[in-house]
Amino acid sequence: MDIREQEARNNQNFSQEYTSDFIREIISRDVQEGKNDGRVVTRFPPEPNGYLHIGHAKSIVLNFGVAEDFGGRCHLRFDDTNPEKEEVEYIESIKEDVRWLGYDWGEHLYYASDYFDRLYEFAEELIIKGKAYVDNLSQEQIREYRGTLTEPGRESPFRNRTVEENLELFRKMRAGEFDEGECVLRAKIDMSSPNLNMRDPTIYRIKKVPHHRTGDKWCIYPMYDFTHCLSDSLEGITHSLCTLEFEDHRPLYDWFLDQLDVPCHPQQIEFARLELTHTVLSKRKLMELVRGGYVTGWNDPRMPTLSGMRRRGFTPEAIRDFCKRIGVAKSKSIVDIALLEYCLREDLNRRAPRSMVVLEPLKVVIENYPEDKEEEVESENNPEDPSMGTRKLPFSKVIYIEKDDFRENPPPKYYRLAPGREVRLKHAYYIKCTDVIKDEKGEVIELRCTYDPETRGGWSADGRKVKGTSHWVSARHAVDVEVRLYDHLFTRADPDDIEDGEDFKANINPKSLKILKGCKAEPALENARSGEIFQFLRQGYFCVDSEDSKEGAPVFNRTVSLKDTWAKIERSKKKAR
RNA sequence: UGGGACGUAGGCAAGUGGUAAGCCACCUGGUUUUGGUCCAGGCACUCGCAGGUUCGAAUCCUGCCGUCCCAGCCA
C-alpha cells in the first residue's frame, strides 16, 4: 500500500469518527467522495499586525484540529500584504502563541509575501486575459463610481484600455514610475453587481513603503482578496476556513481562481467568530485599552490575549478544551465567559498542587499551646491525585487565619469560627474561639483560641463533628507574598451596552485588579518558580507572575477563583433583603 | 425599497420528516478534613411568528418578523 492509499484509508476512519460540526461534515463528505484525492490541508492565516487572542485560538484549534482529525496538515501563513501595518515583532509572538497552544506547523511556515513574484505574474495573466485594468481614477472617484448598496456603480472611463496599454502601465506601476494613489490595478468584473465586492475590486495599489520581508523590492502590493485565494491555491489548501464577514468575498475568491491558471481551487467555508461576555476581542478596542493605560500592556493578565492569558495562568489544555466545547457554527454567538472559567478550573483541579495562603490575615493565639513548641503536620498535595504526595507544614502557638473565616455575629448558615465555636484547622487541630480582641475602632484584630490536643491531624476520636474547616499559616514560619486578584475586565456581559454619549470604556470594571500585600503563605512558596501553578486552598488557582516576581519574592496572579457557594448564599441573602 | 447570512432554554449547541442530545449557568439533595472536587436529580408540552403539505413537521412549502455583515488603494 503506498502512502497515498494509506492516507486515504486513515481519512476514511477519521471521517467516520469526526462529524461534530458542519465544517467537519463537509470535509468528511469531500474525503469520502475522493475530492482532492482525500487530502485535507488547512491554514491559519494571521496578519502580523497585532497579538493573538482567544478568538484566534478558536480558529487555530479549528484549523489545526481539522487537519489532525483527517490526517492532513495545517499551514501557518502570515498574511503580510500591507507593510504599513505589519511588523516583525508580531510574527515572533504569533508563532510563540500557536506553539504554546500546542500546535506544530512543521515545515509549513509561509508568508504571502513569499508569493509576490507569482502574484505579480498572475496579475499580468489577468491583464492579458482582458480581466484587469489600470485605473487612474482617484480614491474618491472610485468610491463615487462604485455606487451604493442600492444603486449600481458606473464604469470607469479607463476601464476599456487595451491589453497592451494596461500591461505597460502596470509595469510602470511596478517600476515605481507613478506616485502613490495615482493609479491602481482593478479586476474587470461587473460594476452593477449587487455584491459590492464584485464591482471591479482593486487588486494592486502603490505603496512606496519597505516591507519587513521583501525590503525595497516592491512598491506595489496586492490586496487581500487577490492574495488570499491564490496563496491558498499555491499551497494546495483544500479547505480555507474563515469568519462570516468574508461570506460576501467568496464569489470573488472563486472568480480569481476561475479566471487564472492555478494549481487547485480550494473551498472557502465561513464560520462565526468567537465573542465572549465581559471582555472585548476587537483589535481596535484592545489597542485602546493598552494605549489608554487601562491595562498595563498586551500581556496584562486581564487581557483576552493569549500572552495575557498565559501570564494569568491559563493552560493551553484548558483553552483547547474550551474551543472544542463551544462548537463551530454559522450563527453569531456570544459565549459565556463562565464556560472558559469552568474549563480552566477543571484542568487546574487535576494538576495544581494545594497550598495554604492567608490572603487577609487575622492573628490567632492558641492559649493552651506551649509558647516555644513547634511541630509539623502532614498535608496532602492534591486530593485528586495521591501520586502528588504529601508535605509537612509547621504549626505553632500563633497562626493566621482568613479574616473572612471569623464573624463575631455569625449569620445563619455560617459555619466558620465565631465566639465559642469550634472549627478545624485543615490537617492540624480543632480550635475553639474563647476571646475576641479589638482595636480602639472596634475592629477585630486578634482572636484567642484553645486547641484540642486530641484532634491532631484534624480528627476527633470522640466522633465530634465540626462543620467548618479553615486554612491557616504558622505566623513564625509564614512568608509574606504579594497576591493579585483579577476579575472580569468589564462589569457588563456586553461592554457595548452603554448609555448615550458613552463608549465601551464606561463599562470597564474598576475592580478588575485588587492587589494584596502582606499575604501570609506557607514557607515553601517563598521559592516558587515563575509560571508555577497552585491551588490556594479554599481560594482559587494562582500562578507565579512571570514579570514582577523576584527571587525569593514571588508575586501571585489569581488565575481563577474556586467556586464559592458561601459567597453565593450571602449574595442571594443580600439581594433578598 | 440591493446583496449575503443567521434565528432551537439565560449562554453555547446537536438535530437532516418519526415525536427536542450534550455542555455552561441556575436550582434540589447526597458525599466531603477545601462551603472545592465528586455523585444523584431538576431545568424547552416546544424549536422567531403565521399559514400550508403530511398519519406525523424544529426538519418540506409559502408569507411575514427580527438580528448581523457589505459601499478600504485594511485583513
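Letters A, B, ... are given to chains in the order of the sequence lines, protein chains preceding strands, and every chain is numbered from 1.
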Sub-4.0 Å heavy-atom contacts from residues 183-193 of chain A onto RNA chain B, ordered by number: Val184(A)
Separation between CG of Leu185(A) and CG of Leu169(A), rounded to the nearest 0.5 Å: 10.0 Å
Pairwise P distance, A14(B) and U31(B) [rounded to whole Å]: 39 Å
Pair Glu180(A) + Arg205(A), salt bridge at N-O below 4.0 Å: no
Span that lies between the C1' atom of C47(B) and that of A9(B), in whole angstrom: 10 Å
Centroid-centroid under 6.0 Å between Tyr224(A) and Phe246(A) rings: yes
Nucleotide G11(B), atom P - distance to NE2 of His278(A) in whole Å: 13 Å
Sugar-phosphate only, base, or nothing, as touched by Gln535(A) at under 4.0 Å among non-hydrogen atoms: base
Atom pairs under 3.5 Å, N or O on each side, protein against nucleotides 25-28 of chain B: can you list them with distances?
from: C26(B); atom 1: OP1; to: Lys568(A); atom 2: NZ; distance (Å): 3.1

Whole angstrom value for the distance that separates P of A75(B) from NE2 of His211(A): 10 Å
Length of the CG-C1' vector between Asp494(A) and G11(B), whole Å: 13 Å
Salt-bridge contact Arg273(A)-Glu245(A) (side-chain N to carboxylate O under 4.0 Å): yes
Watson-Crick and G-U pairing of RNA chain B written in dot-bracket, each distance under 3.5 angstrom, with | for inter-strand partners: .(((((((.[[[..)..(...]]].(((((.......))))).....[[[[[..)....]]]]])))))).....
Gap in Å between the two P atoms, one belonging to U16(B) and one to A40(B), rounded: 28 Å
Among G35(B), U34(B), G72(B), the nucleotide that comes nearest once only the side chain of Lys426(A) is considered: U34(B)
Whole-angstrom distance between G41(B) and G22(B), as gauged at atom P: 11 Å
Below 4.0 Å: OP1/OP2 of A75(B) and any side-chain N or O of Arg205(A): yes
5' precedence on RNA chain B between Gln539(A) and Leu340(A) (nearest-nucleotide basis): Leu340(A)
Results of side-chain contact (heavy atoms from CB on, under 4.5 Å) for Asp248(A) - residues two or more places apart only: Asn195(A), Asn197(A)
Atom-to-atom span, CZ of Arg77(A) to C1' of A75(B) - whole angstrom: 12 Å
Rounded distance in Å - CG (Asp225(A)) to P (A75(B)): 8 Å
Spacing of the C1' atoms in C24(B) and A5(B) (rounded, Å): 27 Å
Aromatic plane relationship, Phe556(A) with Phe534(A) - under 30° parallel, 30 to 60° tilted, over 60° perpendicular: perpendicular
Report, one pair per line, the protein and nucleotides 57-60 of chain B atoms (nitrogen or oxygen only) whose separation is under 3.5 Å.
none

Salt bridge present between Lys568(A) and Asp564(A) (N-O < 4.0 angstrom): no
Nucleotide C73(B), atom P - distance to NZ of Lys85(A) in whole Å: 12 Å
Tyr415(A) side chain vs Val466(A) backbone, donor-acceptor pair below 3.5 Å: no
Stepwise salt bridge (Lys or Arg N to Asp or Glu O under 4.0 Å) test for Asp21(A) and Arg24(A): CA-CA 5 Å; Asp21(A) 59 64; Arg24(A) 274 175 245 252; 2.8 Å; yes
Side chain of Leu562(A) (C-beta onward), nearest among C73(B), U34(B), U37(B): U34(B)
Sugar-phosphate, base or nothing in reach of Thr81(A), heavy atoms under 4.0 Å: sugar-phosphate
Listed nucleotide nearest any side-chain atom of Tyr415(A), set A71(B), G35(B), G7(B): G35(B)
Asp564(A) side-chain proximity, nearest of C74(B), A75(B), G35(B): G35(B)
Sugar-phosphate, base or nothing in reach of Ile142(A), heavy atoms under 4.0 Å: base
Test: Lys285(A) cationic atom under 6.0 Å from Phe504(A) six-membered ring centre, within 45° of axis: yes
Side-chain ion pair, Arg407(A) and Glu570(A), N-O less than 4.0 Å: yes
Minimum-distance nucleotide to Glu47(A) side chain [options: C73(B), A75(B), G2(B)]: A75(B)
Protein-nucleotide distance (Phe22(A), atom CZ; A5(B), atom C1'), rounded to Å: 11 Å
Near-ring test Phe170(A)/Tyr120(A), centroid separation under 6.0 angstrom: yes
A44(B) versus G3(B) - spacing of their P atoms, nearest Å: 40 Å
Distance between P atoms of A13(B) and C73(B) (Å, rounded): 33 Å
Assigned glycosidic conformation for G72(B) [threshold 90° from 0]: syn
Lys/Arg N to Asp/Glu carboxylate O, Arg464(A) vs Glu422(A), below 4.0 Å: yes
Axial cation check for Tyr145(A) ring with Arg154(A), 6.0 Å and 45° limits: yes
Candidates A75(B), G36(B), A13(B) - which lies nearest the side chain of Pro383(A): G36(B)
Arg143(A) vs G72(B): side-chain N/O to OP1/OP2 distance below 4.0 Å: yes
Single hit among Asp494(A), Leu339(A), Leu340(A), Asp336(A) for side-chain contact (heavy atoms from CB on, under 4.5 Å) with Thr277(A): Asp336(A)
Evaluation steps, side-chain contact (heavy atoms from CB on, under 4.5 Å), between Asp232(A) and Arg77(A): CA-CA 9 Å; Asp232(A) 281 348; Arg77(A) 180 171 72 232; 2.6 Å; yes
Letter per nucleotide, 5' to 3', of nucleotides 64-69 of chain B [B base touched, S only sugar-phosphate touched, - untouched; heavy atoms, 4.0 Å]: -----B
Out of G35(B), C23(B), C73(B), whichever nucleotide has its closest atom nearest the side chain of Ile569(A): G35(B)
Span that lies between the C1' atom of A58(B) and that of C45(B), in whole angstrom: 14 Å
Parallel, tilted or perpendicular, as decided by the 30° and 60° cut-offs, for the rings of His75(A) and Tyr110(A): tilted
Arg186(A) to Tyr133(A), cation-pi by 6.0 Å centre distance and 45° axis angle: no
Nearest-neighbour nucleotide for the Asn82(A) side chain, G2(B), C12(B), A75(B) considered: A75(B)
Atom-to-atom span, CD of Glu402(A) to P of U34(B) - whole angstrom: 16 Å
